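Here the structure comes first, spelled out in structure tokens, and everything after it is commentary.
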Amino acid sequence: MEHDSHTCQVRGDITLEISCIYCPNESFEKGTGSLEHVILSSLGGRKSSRNICCESCNNRLGKEIDESLGEALSFFSTMLDITTGRNKPAPTQKMIAEHKGKEFDIYSGGLIKYSKNDVEINEVDGKAEISISANSEEEALKILSGVLKKYGKTIDDFTDLEAKSVKSYIPSVHQQLNLGGEEQLRSIAKTALTYLATFVSPERLRTGDFQSIIQYINEKGIENNFVSFSTSPFPLLEQGESVINHSLIVAASEQNKKVNAVLELYGNIKFFITLTNEWSGPSISKTYTIDPVTKVSEEKSSSHSDDIFNLSHEDSVDNEGVKQGIGNVIQCFQDRQMNEKISQITTKSIENHMIGKGDYITEDMLSSVASEVALEFTRVMHRIDTEDVIDLVELNKQRQLDA
């Protein structure tokens, strides 16, 4: 077994200590270092290694380089409803849109809500006209109950309480994506190096082979000869795999003395990484793939190791191809949202016209369901605002019965 005498120590005869690759003054027992994710946890990554660095360096680089990449791609994580590697929901996109003087947030899965509920009360001729901006009828009823309480009333005190329910669509959301800065590219390099650490011995990372890439990851201002956007012609995803998978190939060549990698985020945004041109080990290649939504992952030997060594940072990057890749990710969550919306419309229509309406499904029921689905689908497709009159007294009674 190889080791560098400056970075590996034997205590007694049984315990092996290895140094942090980012600050050699810190060391730890093999397998007990800080938990370092391969794909960022914020992007849904779960595979990790404890043979890389100390907690201090993990935290430092997390704030210095990983947060930049995670924040740049957080909109995708939010829209795709990705649970992080630490089982936290994707971040809420705060005040990301404005419509008719109201601001909106986008929650995990693309759910749009008011940034804050709003109440306006206008008193005319002894009567109060109440306008409530809320995210659901349930929320509106709760807010209304609070307003009426100030007047010494409850909804049950009324026999007739008519309201207009207005549903409107916010304009298209325009989100600026800043991708490719120094911090983010260093994070991409760290991703590839971390994956390599999961299938080679810890001593391999602590030879001189990786001194340059470690320095690039670890320090600001180092010239980037390591990471670039890629339009690699070979597909990382195989037929049948999710189109939003994160995929990572790392290949080492004994003949070429190189270790190269290709990272593909959300199935479309690709990076080419050179880890070293001074590899002193055997040829080896691995592919890791994870669906960030379902968390299903797979690891196997790569079938593209030879292709990776034909890539070069000098190859011109097709900026339109990168834009298209980002567009493909956006189209993916738009399609998912539309499918979910159709399912919701259909379920609600069945509840309105079939559930509790009789023991048998009639042609009138089917016709009513079909008409309502067609109408609601048209409204969604063409973003048509709707206005309905509802009886709040009856609605409140129904809510109480359902509870």
Side-chain angles (χ1 to χ4, degrees), residues 34-48 58-59 61-63 65-99 102-117 133-139 142 169-170 172-179 183-184 187-188 191 194 241-248 263-269 288-298 326 328-344 347:
S34 186
L35 186 69
E36 178 74 88
H37 282 84
V38 176
I39 305 294
L40 293 185
S41 172
S42 61
L43 304 183
R46 281 160 174 78
K47 191 175 185 62
S48 60
N58 197 350
N59 292 338
L61 291 173
K63 291 183 180 298
I65 63 177
D66 292 339
E67 282 187 5
S68 177
L69 181 62
E71 288 172 1
L73 298 174
S74 66
F75 183 73
F76 294 161
S77 295
T78 298
M79 296 302 292
L80 291 168
D81 195 15
I82 289 174
T83 302
T84 74
R86 294 181 172 86
N87 293 319
K88 294 181 180 180
T92 299
Q93 305 294 318
K94 296 287 188 180
M95 294 181 287
I96 201 169
E98 184 177 345
H99 183 48
K102 310 291 184 183
E103 291 181 322
F104 294 85
D105 300 337
I106 299 182
Y107 286 73
S108 189
L111 180 63
I112 299 174
K113 292 185 177 183
Y114 285 105
S115 297
K116 64 177 182 178
N117 293 327
S133 299
N135 295 305
S136 66
E137 291 177 345
E138 288 79 4
E139 279 189 16
K142 186 176 180 179
Y169 291 90
I170 67 172
S172 299
V173 174
H174 297 280
Q175 180 73 354
Q176 184 174 355
L177 178 63
N178 296 312
L179 192 60
E183 293 87 357
Q184 296 172 13
S187 180
I188 295 297
T191 293
T194 301
E241 290 183 329
S242 170
V243 295
I244 57 163
N245 277 359
H246 300 316
S247 299
L248 177 58
L263 171 66
E264 187 173 76
L265 296 175
Y266 300 108
N268 285 276
I269 306 171
Y288 173 66
T289 300
I290 182 169
D291 183 327
V293 175
T294 65
K295 309 177 184 116
V296 175
S297 63
E298 182 181 16
I326 294 172
N328 290 341
V329 183
I330 295 172
Q331 186 63 51
C332 179
F333 60 66
Q334 287 179 331
D335 291 343
R336 285 172 176 243
Q337 281 189 300
M338 182 57 69
N339 290 338
E340 183 176 343
K341 191 64 179 178
I342 292 172
S343 177
Q344 292 173 350
T347 299

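Values below: all heavy atoms of this structure, side chains included; hydrogens, waters and symmetry mates excluded. As the structure is a computational prediction, the values presented were derived from the model and not from experiment.
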Query raised in the report: Is there side-chain contact between Asp291 and Glu298, with heavy atoms separated by less than 4.5 Å?
Result: no
Query raised in the report: What is the distance from atom CE of Met79 to atom OH of Tyr107, rounded to the nearest 0.5 Å?
Result: 14.5 Å
**Report entry** pair Glu264-Ile269: side-chain heavy atoms closer than 4.5 Å
**Finding:** no
Query - Donor-acceptor contact present, side-chain Ser115 to main-chain Glu103, <3.5 Å - result: yes
Query raised in the report: Hey, is the main chain of Ser343 close enough, under 3.5 Å, to the side chain of Thr347 for a donor-acceptor pair?
Result: yes
Query raised in the report: Would you say Asn135's side chain and Tyr114's backbone share a donor-acceptor pair under 3.5 angstrom?
Result: yes
Query raised in the report: Are Gln184 and Leu179 close enough, and set up right, to give a side chain to side chain contact (heavy atoms under 4.5 Å, CB included), and what steps lead you there?
Result: CA-CA 7 Å; Gln184 296 172 13; Leu179 192 60; 3.3 Å; yes
Query raised in the report: What's the shortest heavy-atom distance between Ser108 and Ala90, and which atoms?
Result: OG-CB, 3.9 Å
Query raised in the report: Side-chain contact, heavy-atom cut-off 4.5 Å: Leu43 with Tyr266?
Result: yes
Requested in this report: Evaluate side chain to side chain contact (heavy atoms under 4.5 Å, CB included) for Phe75 paired with Ile106, printing each intermediate quantity in order.
Outcome: CA-CA 9 Å; Phe75 183 73; Ile106 299 182; 4.2 Å; yes
Requested in this report: Supply the atom-to-atom distance Ile330 CD1 to Leu80 CG, rounded to the nearest 0.5 angstrom.
Outcome: 10.5 Å
Query raised in the report: Between Thr83 and Lys88, is a side chain to side chain contact (heavy atoms under 4.5 Å, CB included) present by the stated rule, with each step listed?
Result: CA-CA 6 Å; Thr83 302; Lys88 294 181 180 180; 5.9 Å; no
Query raised in the report: Is any side-chain heavy atom of Leu73 closer than 4.5 Å to a side-chain heavy atom of Leu40?
Result: no
Report summary line: When every non-hydrogen atom of Ser77 is compared with those of Ser42, the smallest separation belongs to OG-O, 3.5 Å
Query raised in the report: Got a second to check how far Glu71's CD is from Asp66's CG, nearest 0.5 Å?
Result: 11.0 Å
Report task. For residues His246 and Ile39, report the shortest heavy-atom separation together with the two atoms involved. Result -> CD2-CG2, 3.7 Å
Report task. Report the residue from Asn245, Asp81, Ile244 that forms a side-chain contact (heavy atoms from CB on, under 4.5 Å) with Val293. Result -> Ile244
Query raised in the report: Side chains of Thr289 and Leu248: closer than 4.5 Å at any heavy-atom pair?
Result: no
Report task. Identify the two heavy atoms, one from Ile82 and one from Gly44, that lie closest to each other, and give their separation to 0.1 Å. Result -> CG2-CA, 3.7 Å
Query raised in the report: Is it true that atom NZ of Lys102 has more than 12 heavy atoms of other residues, nucleotides or ligands lying nearer than 6.0 Å?
Result: yes
**Report entry** Point-to-point distance, once rounded to the nearest 0.5 Å, from CG of Leu265 to CZ of Phe76
**Finding:** 10.0 Å
Report task. Using the six-membered ring wherever Trp is involved, compare the ring planes of His99 and Phe104 and label them parallel, tilted or perpendicular (cut-offs 30° and 60°). Result -> tilted
Query raised in the report: Looking at side-chain heavy atoms only, is the closest gap between Thr78 and Thr92 below 4.5 Å?
Result: no
**Report entry** Ala72 backbone acceptor or donor facing Asn178 side chain under 3.5 Å
**Finding:** no
Requested in this report: Quick one: pull up NZ in Lys63 and CD in Glu183 and give me the separation to the nearest 0.5 Å.
Outcome: 14.5 Å
Query raised in the report: Going by heavy atoms in the side chains, are Ser74 and Gln93 under 4.5 Å from each other?
Result: yes
Query raised in the report: Closest heavy-atom contact between Asn58 and Ser34?
Result: ND2-OG, 2.8 Å
Report task. Return yes if some donor-acceptor pair links the side-chain N/O of Arg46 with the main-chain N/O of Thr84 below 3.5 Å, else return no. Result -> yes
**Report entry** Exercise: do Thr194 and Glu36 side chains pair donor with acceptor under 3.5 Å
**Finding:** no
